[in-house]
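Some notes on the structure that comes next.
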Amino acid sequence: MSTLPVVDTRQDMRLVPAALACWLAALTGLLLGWWAALATGLTSAALAALVLWRVRDRPRARSAAAALLTLGLLAAGPVAWRIRDAQQDELRAVAAEGLPATLRVAVAERPKPVRSAGYADRQAGARSVVLAADVLTASADGRPVPSSGRVLLLAPVAQWASLLPGKEVAVTGLLMPPRGSDLTVAVLSVRGPPGEPGPAPWWQRAAAGLRTGLHDLCQVLPDEPAGLLPGLVLGDTSALSPRVEQEFVTAGLAHLTAVSGGNLAVVCGAVLLLLRLLRLGPRLSATAAGACLAGFLVLVGPEPSVLRAGVMAAVALLALALGRRGSALPALAFAVCLLVVADPAMATDFGFALSVCATAGLVLLAPRWAGALVRRGVPPGFADGLAIPLAAFLVTAPVLAGMAGSVSLVSVLANILAAPVVAPATVLGVLATLTGPWWPGAGKVLVHLADPEARWLITVARHGARAPGAVITWPGGWLGGLLAAAVLGVLVLAARHRRVRVLMAVLVVGALLVFVPVKVLAPGWPPRNWAAVECDVGQGDAVVLATASPGRAVVVDTGPEPGPVDECLNRLGVDRIPLLVLSHLHADHIGGLTSVFDGRAVGGIAVGPGRAPEWAWRQVAAEAARQAVPLVELSPGERLEWPGLSLDVLGPRYVPSHSPGQQDGTTINNSSVVLRADTPAGRILLTGDVELAAQADLLADIGDLRAEVLKVPHHGSRYSLPSFLAAVAPRVAMVSVGAGNTYGHPNKSTLDTLAALGARVTRTDVDGDTAVVAGAAIARRGEPRGPPRR
């Protein structure tokens, strides 16, 4: 979110029509075709010429019309021409055919990792990167293709993550047509490493060294603050855990980890404050702050969000150097014009729209609201702290609603709580980055000083994300954005009248009493006397088995990523786990291991005889050592007992003797620990991901497999023996499966077999968390998680 100095003065509106016309021309050109940009620009220029002719004696109107005329002609000329070049680039036509191609490109941005949750033997994390590059030469299907456009590369993370902007490389892959409305002419799917790499500019190498140095310094901190601090300072979220990243999004704090005008305002503001204390003049101060701005932009990299924030901050500094007070809005309008003319693709960028809207809100609304609060007796500092995030939320909510199809209701409060520590953390992080290479000891001290601020932000985001109703769904796309804007506009206009404000307050209170879920006022989850809960953790498994002691439960599997299982355990009030069982070592069963320990006492981790995949075994062993809990192996025939709960280990009956590196996914699934739990609600059979061979072994070796509740094997896949399901004869069949998964789970034939046996089937992708209570009755929480992130 870009911000500019907020001052409570009348703003100059003369450049606003020109900025809107330029933006509209580029937007229509990208969405409809280059001719639309030409028509919009010429229409704006014609209207401006008419105004110039009609208002000869009004200087302010003439200057506004002159600016509109100039920008209209620019939109009709250079902007429309650039859009035409991109839309008619020959490589775009070749990409539509899906041909193999070899390109020589210049890297334009730092690679961005594409993260995904773990599944089977694939570890969670980034497997590929996305990076923009400018084409230097191109050939497709053995023939040269004239092109000077921009392409998007999808490449392996291991070989491409360290590539620096400005580096020239040769690349071979499969062309695909671009998605979205921007200036990208093609997408190239790359399999191999970059070829014939040239040298990166020296300043990019120096910046990369500083960024690496900050990561190294942060290793003295715990994992979550160590991953967050580079994100706050440099927008580098490569080490940020997926759990914290998602919590920041839910709580409306994601803008803090994307370098924007906020970061630049903090850095340049700190420099200006220091120079003001030294009694230097505004021009010298602005020049020094501009030099720091340029250095900071090189440090964080030439990302579009960084460049647009840099241009806006540079224009604001220029206004300061010229002694123009109250010029924030003209500076914003000029920055919009400059950015759209330089890069028309900005016009369709949601981040650009968010930056402009947020800055406009801070310029036009926040000072007035802060002044109104001060007049009502609110201290000035508190008034600014309330007005700024409220104004930013109000003007960005329509854009966010249309972009994400949801609205964060905790965003304003979360930003108010986060605001006091953002600037200190950013300044300390920048100082550590610059100091570390020359004086590592001082760098570590600065990082330690920033640790409490980072922890506070994580705490705010975590509690905000956990708040009931933190995010509400909303229609997406243009319609949703316009609907949100209309609703907010009506509310703002209505709030200007005292009686309407009182009526609105009464309606809000009434809505809270009627529509807020009952569980918020009188928690209805978990149900009384629950015996087991299948947690909704997406495409993975996590089961919680209650004991007779409140807050004490056994956990079987932890889902594919940290966060969901932790939220489930919090909802159940579990703070003591005498045993954590991992049925097998696939990623969708162990990915949430670390978050189970968050604020809970764990007695030990139990596994089966399988040790594959090797990376997962190393990860589990390392976590057990780090948490100082015993790691034990379960064997068939063992019985484990706690008050109100007992577990019989039924399998695996057979584990292959060959090395872990040679075991495929089916072999690992068949080595799952199989448990039968005796609970007050009846017997529950927990099957992990056992497939056909392991189910046959259980049928042959176990005389009585009957259970009232079955945790359906392998997310309800087709690899289930009808005879096995018939031998269990469950009254309830629980399927743990992720919404929108691409694996075909659960399989229709398996569901049909269970239905024919008379089982009541529950699914976490439909029902959310699902509890078993006395008499094998079922209670559903009914808030399933969305589709897995890709």
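Hydrogens, waters and symmetry mates are skipped; everything else that's a heavy atom, side chains included, is used. Worth saying up front: this structure is predicted, and the values here are computed from it rather than measured.
Judged purely by distance below 3.5 Å, without hydrogens or angles, the side chains of Glu623 and Gln627 pair a donor atom with an acceptor atom. Residues Thr762 and Asp767 have side chains that never bring a donor and an acceptor to within less than 3.5 angstrom of each other. Counting only N and O atoms by type, the side chains of Asp588 and Gln539 include no donor and acceptor under 3.5 Å apart. At a cut-off of 3.5 Å, with distance as the only test, a side-chain donor of Asn570 or Arg600 sits close to an acceptor on the other residue. Asp689 and His584 form a side-chain donor-acceptor contact under 3.5 Å, judged by distance and modelled atom types alone. A side-chain donor from one of Ser646 and Arg639 sits under 3.5 Å from a side-chain acceptor of the other. Donor-acceptor pairing under 3.5 Å is recorded for the side chains of His215 and Asp236.
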Check your understanding: Could you go step by step and tell me if Arg780 and Asp769 meet the salt bridge (charged side-chain N to carboxylate O under 4.0 Å, His left out) rule?
Key -> CA-CA 6 Å; Arg780 300 175 173 88; Asp769 295 349; over 6 Å; no

**Study point:** Worked verdict on Asp648 versus Arg683 for salt bridge (charged side-chain N to carboxylate O under 4.0 Å, His left out)
**Key:** CA-CA 11 Å; Asp648 289 305; Arg683 289 190 294 186; over 6 Å; no

Exercise for review: Check the pair Met734 / Arg763 against side-chain contact (heavy atoms from CB on, under 4.5 Å), numbers first and verdict last.
Suggested key: CA-CA 6 Å; Met734 306 175 75; Arg763 299 169 46 165; over 6 Å; no

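Between Leu253 and Ala418 the shortest heavy-atom distance is CD2-CB, 4.1 Å. For the residue pair Gly559 and Val537, the shortest heavy atom distance occurs at CA-CG2, 3.7 Å. Annotation for His745 and Ser717: closest pair NE2-CB, 3.6 Å, computed over non-hydrogen atoms. When every heavy atom of Leu214 is checked against every heavy atom of Ala432, the shortest pair comes out as CD1-CB, 4.4 Å. Closest approach of Pro550 to Arg576, counting heavy atoms only: O-NH2, 2.7 Å.
Gln619 has its side chain out of reach of Leu593: every pair of non-hydrogen atoms, C-beta onward, lies at least 4.5 Å apart. Val543 has its side chain within reach of Lys711: a pair of non-hydrogen atoms, C-beta onward, lies under 4.5 Å apart. Under the 4.5 Å side-chain criterion, counting only non-hydrogen atoms from C-beta, Leu647 is in contact with Trp642. Using a 4.5 Å cut-off on side-chain heavy atoms (C-beta onward), Val732 and Leu710 make no contact. Residues Arg618 and Trp615 form a side-chain contact, since some pair of their non-hydrogen atoms from C-beta on lies under 4.5 Å apart. Using a 4.5 Å heavy-atom cutoff, the side chains of Leu698 and Val674 are in contact. Considering only heavy atoms from C-beta on, Arg611 comes within 4.5 Å of Glu633 through its side chain. When side chains are defined from C-beta on, Ser595 counts as touching Val565, because their heavy atoms get closer than 4.5 Å.
Here Asp541 contributes atom CG and His714 contributes atom NE2; the two are 9.5 Å apart, rounded to the nearest 0.5 Å. We find the CG-CG distance between Leu686 and Leu545 to be 5.5 Å, quoted to the nearest 0.5 Å. With values rounded to the nearest 0.5 angstrom, Leu685 atom CG is found 8.5 Å from Leu675 atom CG. In this structure, CG on Leu428 lies 6.0 Å from CG on Leu449, to the nearest 0.5 angstrom. Atom-to-atom distance recorded for Thr426:OG1 and Leu256:CG is 8.0 Å, nearest 0.5 angstrom. Put simply, OG1 on Thr459 and CG on Leu417 are 11.0 Å apart, with the number rounded to the nearest 0.5 Å.
In this structure, the side chain of Ser583 does not engage the main chain of Gly688 through any donor-acceptor pair within 3.5 Å. Remark: side-chain polar atoms of Glu245 are not paired, donor with acceptor, to backbone N or O of Leu240 under 3.5 angstrom. Listed for the Thr764 side chain is a donor-acceptor partner under 3.5 Å among the backbone atoms of Val737. Checking side-chain atoms of Ser672 against main-chain N and O of Asn669 turns up a donor-acceptor pair under 3.5 Å. With Asn741 contributing its side chain and Gly738 its backbone, the two residues share a donor-acceptor pair below 3.5 Å. A donor-acceptor pair is defined here as one N or O able to donate and one able to accept, closer than 3.5 Å; no such pair exists between the side chain of Thr250 and the backbone of Glu247. Side chain of Gln246 to backbone of Arg243: no donor-acceptor contact under 3.5 angstrom is found. Within the 3.5 Å criterion, the main-chain N or O of Arg552 finds no donor-acceptor partner in the side chain of Ser549. In this structure a side-chain-to-backbone donor-acceptor pair under 3.5 Å is missing from Thr679 to Ala531. Thr770 contributes a side-chain N or O that, together with a main-chain N or O of Gly768, makes up a donor-acceptor pair within less than 3.5 Å.
Between Val544 and the choices Val554, Asp557, Val574, Val556, the side-chain contact (heavy atoms from CB on, under 4.5 Å) rule is met once, by Val574.
Using a 4.0 Å cut-off between charged nitrogen and carboxylate oxygen, Asp216 and Arg211 do not count as a salt-bridge pair. One finds no salt bridge joining Asp566 and Arg462 here, because no Lys/Arg side-chain nitrogen approaches an Asp/Glu carboxylate oxygen to under 4.0 Å.
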If you look only at distance, which donor and acceptor atoms sit under 3.5 Å apart when one is on a side chain in residues 601-609 and the other is two or more places apart or in another chain?
none

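Checked against the 6.0 Å centroid threshold, His715 and His589 count as a close aromatic pair.
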